[in-house]
A.B. asks: 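First the structure, which I've put down as structure tokens, then a few questions once you've had a look.
So you know, we letter chains A, B, ... as the sequences are listed, proteins then strands, and number each from 1.
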Amino acid sequence: MEYEPVIGLEVHAQLLTDSKAFCSCTTRFGAEPNANTCPICLGMPGVLPVLNRKALEFTVRMALACNCTINEMSRFARKNYYYPDLPKNYQISQYELPVATGGWVEIETSDGPKRIALTRIHMEEDAGKLIHDDQRPVSYVDLNRTGVPLIEIVSEPEITSPEEAAAYLRALRSMLVYLRICDGNMEEGSFRCDANVSLRPKGSTGLGVKTELKNMNSFRFVQKGLQYEIDRQNTALENGERIVQETRLFNSSTGVTASMRSKEQAHDYRYFPDPDLLPLRVAPELVEQIRGELPELPAEKRERFVRDLGIPGYDAGVLTADRDLAAYFEGTVELFPNPKAVSNWIMTEMMRKLKGEENGIAECPVSPQQLADLLKLIDDGTISGKMAKTVFEEMFATGQGPDVIIKEKGLVQVSDAGELLSIVNEILDKNPGEVSKYLGGKTQLMGFFVGQIMKATKGKANPAMVNQLLAEELKKRG
Amino acid sequence: MSELYELTAWELAGLLKEKKVGSVEITNAVLKRIEEVEDRVNAYVTVTPDSALEQAREADRRLAAGEAGPLTGIPIAVKDNMCFKGRKTTCGSRILANFVPPYDAAVVELLRKEGMVILGSANMDEFAMGSSTETSHWGPTHNPWNLEATPGGSSGGSAAAVAACEAIVALGSDTGGSIRLPASYCGVTGMKPTYGAVSRYGLVAYASSLDQIGPFGRDAKDLALLLNVICGHDPRDSTSVPREVPDFTTFLDKPVKGMTLGMPKEFFSKLDNPDVERCIGEAKSVMESMGISFVELSLPHLDYGIAAYYIIAPSEASSNLARYDGVKYGHRAEGFTSMIDMYCKTRAEGFGPEVKRRIMLGTYALSSGYYDAYYLKAAKVRSLITQDFRKAFETCDAVFCPTSPTPPFKIGEKIDDPIQMYLTDVFTIPVNMAGLPGIALPGGLSADGLPVGFQLIAPHFEEARLVQLAAAFQRETDHHLKRPPL
Amino acid sequence: MKITSEEVDYVAVLGRLTLEPEEKIKYQSQLDDILKYMEMLSEVDTDDVEPMAGPVELYTPLREDEVKPSLQVDEALANAPEREGSSFKVPKVIE
Ligand SMILES: [Mg+2]
Ligand SMILES: [Zn+2]
């Protein structure tokens with residue numbers, strides 16, 4: 001029998017607040033272990049949580065961006081389980097009444113756009129970090145990350161391939177980054193993904209037994225992990241085995257998923273309303289205010305670039321993947337209203353230079369104004385496209401404007417008809433043999449003459465004019 | 001002339017203002033009294049004479065400088081479940097036997113701000129789970145009126161300290177009667193304020209939706225003064241209610257003539273103890289003579305209070321006490337074979353039988369398949385109990401009832417019979433379920449000379465009305481002036 | 001029995017409590033008595049009654065997103081049964 005995979009994703013995104021969700025400790029990374037802790041996030045006896053307003057506003061931002069219904073009244077609940085990175089041995093989360101329900105995210109697939117429906121978005125607190133000693137049978141607990149605000153975004157089981165899963169994750173990630181509420185760093189764990197995978201007979205509608213995949217901390221690993229798990233379940237079913245509902249850990253070095261039974265024994269979280277927090281109200285006024293402040297999201301921007309600026313879909317996709325890059329592009333287009341030219345330049349020259357820079361466009365020493373100036377100079381023939389590339393290198397290296405660099409290097413193009421005419425004749429006189437061959441029909445020698453002239457002018461001659469003058473002068477000699 | 005330690009806080013405050021006596025003198029008197037009787041009563045887990053005298057000296061300085069508040073320089077005992085920066089706070093448990101908090105509970109801050117003299121931490125049932133102060137890791141507290149009897153619980157140490165004159169006033173906490181029961185059993189006055197009236201920040205949690213800190217004193221006037229110090233909004237406690245706090249002392253002399261008290265028949269039908277019936281009857285006739293009228297009411301769901309409470313409180317406790325795992329603080333077992341083994345051994349060693357029993361009960365009530373039948377059902381019954389009181393207050397100013405079905409019982413009498421122990425709180429638990437303020441005050445002595453108290457319950461945030469009624473009653477009676485024959 | 005000895009074991013594991021055999025027996029019968037006592041709740045008609053999580057009928061307050069000083073590392077670890085450097089030390093956690 002042929003099976004098809006059904007995938008649902010649970011994404012945890014760390015919110016970019018300054019302080020933690022329920023205490024005032026900093027959320028900053030990289031401090032000495034336990035330097036960013038207080039009695040509250042240490043879970044000391046007697047402490048109480050108070051919710052961070054920003055964390056709520058950020059959550060509502062994402063929920064609106066995902067077309068969710070914001071629940072005016074929601075509730076925090078305790079998820080009870082013992083783990084040394086969880087100081088209270090319960091996580092403050094949401095269960096029966098999350099902040100947001102429903103909604104969807106649109107992704108691009110090989111057969112066109114597809115909507116992935118969301119189940120819910122809820123708020124919760126992050127756990128700390130465990131470092132395992134590889135010599136001795138001990139682990140070390142660092143609670144700096146404990147209490148950092150998270151949102152959990154739960155999709156419906158509507159994803160049908162690892163590729164779709166990756167596309168969905170990329171879409172979520174770029175939205176979060178656009179909204180400036182998460183840095184989206186998968187390696188550092190500020191954007192994490194767990195997956196529920198099951199197989200069902202192709203065409204059927206029911207759901208098979210699912211396994212939960214954890215620890216896939218890059219888009220590539222998500223695809224690899226899912227593919228492995230799908231194949232594993234496939235073979236199991238083919239061999240008439242049944243799938244066990246369990247949590248499996250993806251091992252990035254082996255590319256294999258393995259059952260983690262240690263955590264299985266107690267999957268009874270005993271959720272109940274957290275009596276230390278009152279019901280959470282999101283006032284409709286607040287929702288409207290946040291809605292009003294939402295930036296244009298990647299999908300809409302992409303569409304607009306294609307529709308209004310005539311940019312090809314692929315290019316528009318690249319330009320809008322990063323909010324800053326899109327802003328740079330639009331900034332340049334305002335100063336040099338030829339979107340295609342700007343886009344081409346960014347997609348080729350700019351991208352090439354930016355490859356190294358991890359911070360992308362933010363690192364770029366060339367301002368939109370300077371890029372626009374360069375493109376103008378090409379446009380009005382002051383420099384050739386070829387020269388422009390050299391100039392751009394220089395601009396990127398020094399941060400200087402194109403005109404400065406052109407003056408310094410004396411790169412201005414010779415477009416003076418008189419001057420060019422004499423050079424042309426000089427070259428023709430020097431090469432009578434080639435001239436007669438040309439007139440004898442060996443027209444491909446045109447290139448030779450152009451080359452000689454460019455050599456004589458150190459490449460500064462205006463190519464268009466050179467071609468025109470050569471043609472005229474050769475005719476005269478015919 | 002009676003000893004300094006026998007006086008009320010307001011009497012001592014008067015002497016301090018008139019410079020007739022200093023806080024150091026008072027504190028020394030109380031410390032001396034502690035030395036005399038503590039080995040018989042065991043009201044304290046920790047007494048800290050040096051720090052007490054240090055605070056007393058500072059109080060005298062403030063008094064001299066005219067920077068004193070009404071209770072500056074008055075010695076107070078604080079229940080061992082309120083965090084003290086830099087001082088052992090054990091919650092009566094082995095698992096916290098060596099725990100030294102890095103921060104002060106909100107109420108401790110307020111006491112310091114007022115310049116009160118904190119004598120030490122008062123004994124209690126482990127994690128406030130008990131009605132007799134027998135489950136403390138530090139041994140039982142004895143009732144100053146009869147050392148074989150329990151002082152009630154869980155704030156038995158605080159109540160006994162005030163009764164035995166080992167403190168002038170005290171703070172306790174009340175989750176199901178833990179202030180009002182010991183107040184009654186020790187013949188002192190104690191109040192559980194409205195849930196949300198006093199910050200829980202720094203109060204080691206037993207059952208978060210029921211816990212509330214409150215005062216013990218020798219009369220209503222001391223309570224009013226202490227309420228003025230501890231009541232008020234605290235942004236660190238999300239369940240703390242922002243509202244104007246009245247000056248409770250202004251209600252002490254307000255007339256009570258014409259007020260109506262309700263008598264729930266569900267409570268009075270349960271009375272079958274002659275001492276309690278007599279004291280309650282006498283209290284009633286005194287108040288009638290004061291122009292207070294009584295109406296019988298029915299609060300049909302009171303009968304289910306205990307059952308609902310012993311689902312909700314243990315459920316919350318099972319989660320609140322999960323943090324005691326031997327990782328960050330507190331006791332850690334030795335000789336474990338794995339992480340989970342370390343957890344299980346540590347908690348098995350660190351918790352006493354009653355705490356374990358309630359953790360098991362609460363864990364069961366929340367576990368999958370049982371949540372709806374237990375926790376959810378209890379939470380709904382809780383709504384009904386609250387609605388019953390709301391209705392009751394449409395026809396009365398306050399509810400009048402016993403605090404306990406019996407006078408103080410003997411140490412050991414109920415310790416192996418959980419249900420009998422739980423039933424001790426039948427009259428106090430519904431008040432916590434509804435989050436209402438309740439006061440317990442002395443109503444006389446039993447045939448064999450043990451205190452019997454009664455209880456008044458008011459609508460939310462009507463503590464002042466309770467102060468008013470209690471002060472009026474104590475103007476007409478002298479039960480609160482009786483001292484145990486220690 | 002309203003609670004089986006398997007359930008007692010299960011609850012003990014969930015609550016991370018090692019129970020001696022005699023404790024198990026004692027707790028099972030005591031919990032059984034308590035649960036029997038609670039059967040009275042089934043008499044109460046709670047259809048369309050809202051459950052009550054707490055007495056305060058307000059919404060949870062919000063805190064401004066302001067960083068305040070944390071504890072010194074040594075304060076944070078002062079009560080730790082075992083520490084190494086500035087971390088809490090625990091038996092190896094195997095995943
Ligand atoms: Mg989660
Ligand atoms: Zn903190």
A.B. asks: Please classify the contact of C/L71 with chain B as side chain, backbone, both or neither, using a heavy-atom distance under 4.5 Å.
C.D. replies: side chain

A.B. asks: Side chain from CB out, backbone as N, CA, C, O: work out which of these in B/L423 comes under 4.5 Å of a heavy atom of chain C, or both, or neither.
C.D. replies: side chain

A.B. asks: Checking side-chain contact (heavy atoms from CB on, under 4.5 Å) against B/M360, which of C/I3, C/V11, C/I34 comes through?
C.D. replies: C/V11

A.B. asks: So what's closer than 4.5 Å to chain C heavy atoms on B/P300: side chain, backbone, both or neither?
C.D. replies: neither

A.B. asks: Side chain, backbone, both or neither: which part of C/L41 has a heavy atom under 4.5 Å from chain B?
C.D. replies: both

A.B. asks: Please classify the contact between C/A78 and chain B as side chain, backbone, both or neither, with a heavy-atom cut-off of under 4.5 Å.
C.D. replies: neither

A.B. asks: Taking B/I359, B/L210, B/L361 one by one, which has the highest count of heavy-atom pairs under 4.5 Å against chain C?
C.D. replies: B/L361

A.B. asks: For B/M342, is it the side chain, the backbone, both, or neither that has a heavy atom closer than 4.5 Å to a heavy atom of chain C?
C.D. replies: side chain

A.B. asks: Quick one: what part of B/L321 sits under 4.5 Å from any heavy atom of chain C, side chain, backbone, both or neither?
C.D. replies: neither

A.B. asks: Got a list of the donor-acceptor pairs under 3.5 angstrom between chain C and chain B?
C.D. replies:
{"unit_1": "C/E7", "atom_1": "OE2", "unit_2": "B/Y370", "atom_2": "OH", "d": "2.2"}
{"unit_1": "C/G15", "atom_1": "O", "unit_2": "B/R347", "atom_2": "NE", "d": "3.0"}
{"unit_1": "C/G15", "atom_1": "O", "unit_2": "B/R347", "atom_2": "NH2", "d": "3.1"}
{"unit_1": "C/R16", "atom_1": "O", "unit_2": "B/R347", "atom_2": "NE", "d": "3.2"}
{"unit_1": "C/T18", "atom_1": "N", "unit_2": "B/C344", "atom_2": "O", "d": "3.4"}
{"unit_1": "C/T18", "atom_1": "OG1", "unit_2": "B/C344", "atom_2": "O", "d": "3.3"}
{"unit_1": "C/T18", "atom_1": "OG1", "unit_2": "B/K345", "atom_2": "N", "d": "3.4"}
{"unit_1": "C/E23", "atom_1": "OE2", "unit_2": "B/K356", "atom_2": "NZ", "d": "3.3"}
{"unit_1": "C/Y27", "atom_1": "OH", "unit_2": "B/P353", "atom_2": "O", "d": "3.1"}
{"unit_1": "C/Q30", "atom_1": "OE1", "unit_2": "B/R357", "atom_2": "NH1", "d": "2.6"}
{"unit_1": "C/E43", "atom_1": "OE1", "unit_2": "B/Y304", "atom_2": "OH", "d": "2.6"}
{"unit_1": "C/V44", "atom_1": "O", "unit_2": "B/K377", "atom_2": "NZ", "d": "2.8"}
{"unit_1": "C/T46", "atom_1": "OG1", "unit_2": "B/K377", "atom_2": "NZ", "d": "3.0"}
{"unit_1": "C/E50", "atom_1": "O", "unit_2": "B/S383", "atom_2": "OG", "d": "2.4"}
{"unit_1": "C/M52", "atom_1": "N", "unit_2": "B/A379", "atom_2": "O", "d": "2.9"}
{"unit_1": "C/M52", "atom_1": "N", "unit_2": "B/S383", "atom_2": "OG", "d": "3.4"}
{"unit_1": "C/N79", "atom_1": "OD1", "unit_2": "B/V100", "atom_2": "N", "d": "3.0"}
{"unit_1": "C/N79", "atom_1": "ND2", "unit_2": "B/V100", "atom_2": "O", "d": "2.9"}
{"unit_1": "C/A80", "atom_1": "N", "unit_2": "B/K328", "atom_2": "O", "d": "3.4"}
{"unit_1": "C/E82", "atom_1": "OE1", "unit_2": "B/R332", "atom_2": "NH1", "d": "3.0"}
{"unit_1": "C/K89", "atom_1": "O", "unit_2": "B/R332", "atom_2": "NH1", "d": "3.4"}
{"unit_1": "C/K89", "atom_1": "O", "unit_2": "B/R332", "atom_2": "NH2", "d": "2.8"}

A.B. asks: Less than 4.5 Å to any heavy atom of chain B: does that hold for the side chain of C/L19, its backbone, both, or neither?
C.D. replies: side chain

A.B. asks: Please classify the contact between B/A322 and chain C as side chain, backbone, both or neither, with a heavy-atom cut-off of under 4.5 Å.
C.D. replies: neither

A.B. asks: Looking at every heavy atom in both C/P81 and B/G326, which two are closest together, and how far apart are they?
C.D. replies: CG-O, 3.4 Å

A.B. asks: Name the option with the most non-hydrogen atom pairs under 4.5 Å to chain C; the candidates are B/P242, B/A379, B/G435.
C.D. replies: B/A379

